[in-house]
Amino acid sequence: MVNDEIAKLIAASADLALDETDRRIKTIMKNVKLAYFSTPNDKLIDIPIKRMKRAIAAHDPDTFAVSIHGETGAGKSTLFEQRLKDEPSFRPVPDGYGNDLYPVLYIKAPSKATMVDLGEELLDAMGYPTKKRKHESDLIRDVRNALRRRGTRVVLIDEFQHVLDAPKVKGPSHVADSIKNLLQNPKWPIFIVLMGLPEIKEVALRDPKDQFLRRVDDFALQTLSLKADAKFIANVIKELVVNRAGLRMPSAVVPDFIERLMYGAHFRYGMVMKIIYHAIEDALENDLGEVTMLCWEEGYRRLVNGDAVPETNVFAADNWRSILRPVNRRGEFGPPSVRAA
């Protein structure tokens, strides 16, 4: 949306309605959220990115798919999008006629996505009309031609687990076979990155010919651990709270603060970042000089969409390790319970 002219106009109009305080908070929060921190998963993702780069540079027709999976809130989408943005090989390329070629295309799979749904989503993302075609083969042909004209060699499909909910007739098995054919297109072979929940591995397993399975490189993202990542998270908090937001940490921090933060976020990096963002924003909204423990309580409450009950807030309760708050595959938190001592 950053380059969408309509979105720019709407944003400019909204900005005019902000008072000085809200405009200041907007600027600070934008600066906070622009920060990117390299994690061990970045090194993991470097492997398929370098393999794709070498193959593209060598005109290698033997392409492949990459499967990047992890639980909701693990930070999959942010990680891979940022890595591709930082990669010079995948930036827009002038075609010599005043236009740009775009090596990468990103889409999100719609709910209960069939191959037709994915094809129409791809065409829409490239700016082509998604008119109804008589046959799926016509749609796939149009996708192939559009990708070639656009110069796209890497296609990212996020939320790929949605194809598992598609009707069986044109469901996962058919999608796997169709993606395999896109990879093998002799006129314009592409690389496909599939991102989603761990069950996306099932799509490759459902290929009746087992040909897709041999062309998928599988990468499972790591979750946080207190032993390995506590110092890293502490440095992230310092950078965002102190250096970016210009605030202080509370003078009296509860014991096991980092562990509470990780536990409340189910040890998922993306959820940890959300709590930090919410806590900073709460401090700014209340014109505080420090991100107090009440701000951290509010940050957790916003993440879990919970109420203001201290007994079920990991930053307020003494027995916080007894708080059980389930989270489903969509990242939605359920009602809490407290284990008996």
Over all atoms of both residues, closest heavy-atom pair of [X] and [Y]:
X    : Y    : result
T152 : Y102 : OG1-O, 2.8 Å
V253 : M293 : CA-SD, 4.3 Å
P110 : L118 : CD-CD2, 4.3 Å
I323 : Y263 : O-OH, 2.6 Å
L221 : K76  : CD1-CG, 3.3 Å

So do the side chains of [X] and [Y] get within less than 4.5 Å of each other, counting heavy atoms only?
X    : Y    : result
T63  : N185 : no
V93  : D100 : no
V155 : F191 : no
M195 : I200 : no
F219 : I47  : yes
M115 : E136 : yes
L194 : L156 : no
K53  : E87  : yes

Take atom [atom1] of [X] as the centre, draw a 6.0 Å sphere, and report whether it contains more than 12 heavy atoms from other residues, nucleotides or ligands.
X    : atom1 : result
N328 : CG    : yes
D318 : CG    : no
R149 : CZ    : yes

For this session: Could you tell me whether F315 and W320 have their ring centroids closer than 6.0 angstrom?
Result: no

Exercise. Ring centres of F37 and Y269 under 6.0 Å apart?
Worked result: no

For this session: Using the test side chain to side chain donor-acceptor pair (under 3.5 Å), find all partners of D158 that sit at least two apart in sequence or belong to another chain.
Result: S77, Y106

Problem set entry | Partners passing side chain to side chain donor-acceptor pair (under 3.5 Å) against R51 (at least two apart in sequence or in another chain) | D217

For this session: Kindly write out the residues that satisfy side chain to side chain contact (heavy atoms under 4.5 Å, CB included) with K26, not counting sequence neighbours, or none if the list is empty.
Result: D15, L18, R23

Exercise. Are R302 and E281 ion-paired here, with the side-chain N under 4.0 Å from a carboxylate O?
Worked result: yes

Exercise. Does E71 pair with R329 as a salt bridge, N-O distance under 4.0 Å?
Worked result: yes

